[in-house]
Amino acid sequence: MKNNRGKLVVISGPSGVGKGTVIRRLLSESDKLALSVSATTRAPREEDTEGVTYYFKTVDEFKAMIESEKFLEWAVYNNNYYGTPVDAVEDLLDKGISVILEIEVQGAMNVKKKRPDGLFIFIAPPSFETLKQRLIGRGSESEEEINNRVSLAKAEFDMKDEYDYIVVNDNLDDAVKEVKDIIEGN
Ligand code: 5GP
């Protein structure tokens with residue numbers, strides 16, 4: 001039975017690198033793959049839907065979830081809490097469905113300690129200038145927020161060697177194929 005479990009796939013990469021787009025493509029191409037829905041205390045953006053993109057929580061609610069060990073991992077990123085609810089992930093893995101965690105690097109490193117059997121993939125931008133332009137193009141963050149995210153991106157990039165694979169998202173189709181091959185080949 002154990003061999004039929006899904007794979008735990010951790011995907012990190014700086015904000016604006018296009019990991020969400022890569023992941024959406026992967027999900028649309030496989031019914032044996034699911035995305036873990038995280039809890040967060042950050043404010044919803046226009047494109048967010050409760051229970052689909054995130055479970056939106058107050059800081060108190062989030063802290064209570066930490067206390068009652070509801071998370072596989074959690075981290076503070078850009079002054080907000082983010083965490084992966086553990087039960088949903090385990091249920092999917094038990095059903096033979098591989099689960100993608102789209103999480104930042106501190107959380108990913110915590111998962112690595114608990115679950116070294118996971119597959120750790122880092123999606124990198126072709127350059128930091130491209131990344132900044134993509135964040136500006138997205139139009140959902142202020143200039144200050146964008147500068148914060150670029151600084152965070154540089155710090156995240158320094159952690160890339162801790163991952164099993166690094167995929168540069170220069171061309172979307174190529175990046176999707178590369179990640180798909182990694183997941184299917186492992
Ligand atoms: P955003 O606010 O842009 O949706 O996400 C900010 C960062 O938090 C992204 O790098 C995203 O991958 C990460 N993130 C989302 N959910 C989780 C989570 O459950 N745990 C951790 N550690 N990071 C998360």
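Quick caveat, the model's predicted, so the values are computed rather than measured. Read the numbers this way: they start at 1 and go in the same order the structure lists the ligands and their atoms.
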Does any N or O atom in [X] lie less than 3.5 angstrom from one in ligand 1, N or O only?
X: Arg138; answer: no
X: Ala39; answer: no
X: Ser15; answer: no
X: Glu73; answer: yes

Which protein non-hydrogen atom lies closest to [atom], naming both residue and atom, and how far is it?
atom: atom 23 (N) of ligand 1; result: Glu104 N, 3.1 Å
atom: atom 19 (O) of ligand 1; result: Ser38 OG, 2.6 Å
atom: atom 9 (C) of ligand 1; result: Lys19 NZ, 4.1 Å
atom: atom 3 (O) of ligand 1; result: Arg45 NH2, 2.8 Å

Checklist entry - Is NZ or CZ of Lys57 both nearer than 6.0 Å to the six-membered ring centre of Tyr81 and within 45° of the ring axis? => result no
Next on the checklist: Do Lys160 and Phe157 form a cation-pi contact, if we require the NZ or CZ to be under 6.0 Å from the six-membered ring centre and within 45 degrees of the ring's axis?
Outcome noted: yes
Item to check | Test item: Asn186 side-chain N/O and Ile183 main-chain N/O as donor-acceptor pair under 3.5 Å | outcome: no
Of all the atoms in ligand 1, which lie at a distance below 4.0 Å from a heavy atom belonging to [X]?
X: Ile103; answer: 12 (O), 14 (N), 17 (C), 18 (C), 19 (O), 20 (N), 21 (C), 22 (N), 23 (N), 24 (C)
X: Arg42; answer: 1 (P), 2 (O), 4 (O)
X: Glu102; answer: 11 (C), 12 (O), 14 (N), 15 (C), 16 (N), 17 (C), 24 (C)
X: Ala75; answer: 22 (N)

Checklist entry - Passes salt bridge (Lys or Arg N to Asp or Glu O under 4.0 Å), Arg149 versus Glu143? Steps please. => result CA-CA 10 Å; Arg149 285 188 180 236; Glu143 195 182 335; over 6 Å; no
Next on the checklist: I need the minimum non-hydrogen distance between Ala124 and Val17, along with the two atoms involved.
Outcome noted: C-CG2, 3.4 Å
Does a donor on one side chain and an acceptor on the other come within less than 3.5 Å for [X] and [Y]?
X: Glu145; Y: Asn78; answer: yes
X: Asp181; Y: Tyr165; answer: no
X: Tyr55; Y: Ser38; answer: no

Item to check | Residue list, ring pair (Phe, Tyr, Trp, His ring centres under 6.0 Å) with Phe120, at least two apart or on another chain | outcome: none
Ligand 1 contacted by [X] (non-hydrogen, < 4.0 Å):
X: Tyr54; value: yes
X: Gln106; value: no
X: Glu141; value: no

Item to check | Options Tyr77, Tyr81, Tyr55, ranked by nearest heavy atom to atom 6 (C) of ligand 1, top entry | outcome: Tyr77
Which side-chain N or O atoms in residues 96-105 pair as donor and acceptor under 3.5 Å with protein atoms at least two apart or in another chain?
unit_1 : atom_1 : unit_2 : atom_2 : d
Ser98  : OG     : Lys7   : N      : 2.9
Glu104 : OE1    : Gln106 : N      : 3.0
Glu104 : OE1    : Gln106 : NE2    : 3.0
Glu104 : OE2    : Gly107 : N      : 2.9

